[in-house]
Amino acid sequence: MRIAQFMTKRSARYLSLAGLALGTVTAGVLSSGITGCSETASAGKPASAQQEQALTDSVCIQDNWAAHGNTQRLTCTANDVRVAEATNICVHDENGDCLDESTCIEGTDVTFTADFLIDLSAQTRYDIGVYFATDGGGSDGALTGQCVLDTLDATNAPDTFINRDSGGDLCGDIDAAHDPQIAHLTITTACVSNGDEENPILLLPNCTSWRQPGSNELCDEASDAFPGAPSKCNCDSTFAIAIRVEEATASVTKTATAACVTFAVNVANNTQSRDLTLATLDDDLYGDITDATNANLCGTTCGQAGGAGSLPVTLVPNASYSCQFSAKVASSDSAQTDTVTATFQNETLTPSGSATIIVDLD
Ligand SMILES: [Ca+2]
Ligand SMILES: [Ca+2]
Ligand SMILES: [Ca+2]
């Protein structure tokens, strides 16, 4: 998963303050903070399913060969039987249904069903074993590591299955009259790309094994399907099928879009002998700054019983009322001026004070 994060620098600066005489309101910028960030994220989920076929084993071909007491390295130089093609691909979703598009997320497991065409280019061969690497294959494809082994039977190859053996042999064979074999297999494997940068598809290294006349033995479980000799197998470590491999990507972007700027407000009764009763404080850009529910505000102490005190409030001569509010200021290259105006009960005076700021978050 790659994460990209961007945070723009911010700057907030104030340019000027202004106030009026008599009842005086001053507004100043105290501080600013970033707000209004957004995030997006997504991630893929692997699907999983049980193997459906009866004659399967979780073993790679060299490991299975060795498990039967063979010490030579397999060479798999023969070409008698090979996996030629995969068609009718269905990538399972978490419910086992086919995805609309055959894709998998690199680094996760993918479960799919496909029809594998298994070609014969020799005389009759017996007890076909089809090994698929389920770990991407590593350096040696389906020779060692993690693999699934399937034999052919009437269930997974219903249209082409033939078994020319008798005596309890269960493993499908291939002959000229039943070529190619078509194996309908469900495989769960690591989603590994074939490395094609323009069209990355699922790498599915595989090997096939068979028995030639003279080494045809009883095959009644999947692990009996191993080569009749070190050369009697075929491996394709670059085999890939049409399941598009997508990189597991997610991103988070974070952009500063607005700042909370805190303004200080001071309302002074500049008279010598007259009480003034402060009634309201309104900002021409942000509205009622004594309303804590005002959506334009990040917060306010103005008019708050637990803050600067509720309004109305009586100011004796030379007394003042001080509070502060924070407002959401959008980023802008140009100066923004807002003005706070006070009103008083039973008075017509409406003093105001302004502050001009630039909040440039680029
Ligand atoms: Ca391997
Ligand atoms: Ca057989
Ligand atoms: Ca056999």
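Just follow the structure's listing: the first ligand is 1, and inside any ligand the first atom is 1.
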Is the distance from the Ca ion (ligand 2) to the nearest N/O/S atom of Tyr126 under 3.0 Å? no
Contact check: Cys171 to the Ca ion (ligand 2), N/O/S below 3.0 Å: yes
Kindly give the atom name of the N, O or S atom of Asp169 closest to the Ca ion (ligand 3). OD2
Have a look at Glu217 and say which of its N, O or S atoms is nearest the Ca ion (ligand 3). O
SG(Cys233) to SG(Cys207) below 2.5 Å: no
Tell me whether the Ca ion (ligand 1) has [X] as a neighbour, meaning an N, O or S atom of it below 3.0 Å.
| X | value |
| --- | --- |
| Gly137 | yes |
| Ser139 | no |
| Asp140 | yes |
| Gly141 | yes |

Closest approach of Leu143 to Cys76 (non-hydrogen atoms, all atoms of both residues): CD2-SG, 4.5 Å
Strictly below 4.0 Å, N to O, side chains only: are Arg125 and Asp80 in salt-bridge contact? yes
Taking the Ca ion (ligand 2) as the reference point, name the nearest N/O/S atom of [X].
| X | value |
| --- | --- |
| Asp165 | OD2 |
| Asp173 | OD1 |
| Asp127 | OD1 |

Please check if the number of heavy atoms outside [X] that lie under 6.0 Å from its [atom1] is greater than 12.
| X | atom1 | value |
| --- | --- | --- |
| Asn95 | CG | yes |
| Asn318 | CG | yes |
| Gln123 | CD | no |

Indicate whether the side chain of Asp236 and that of Thr238 have a donor and an acceptor atom separated by less than 3.5 Å. yes
Between Asn79 and Asn234: side-chain donor-acceptor atoms closer than 3.5 Å: yes
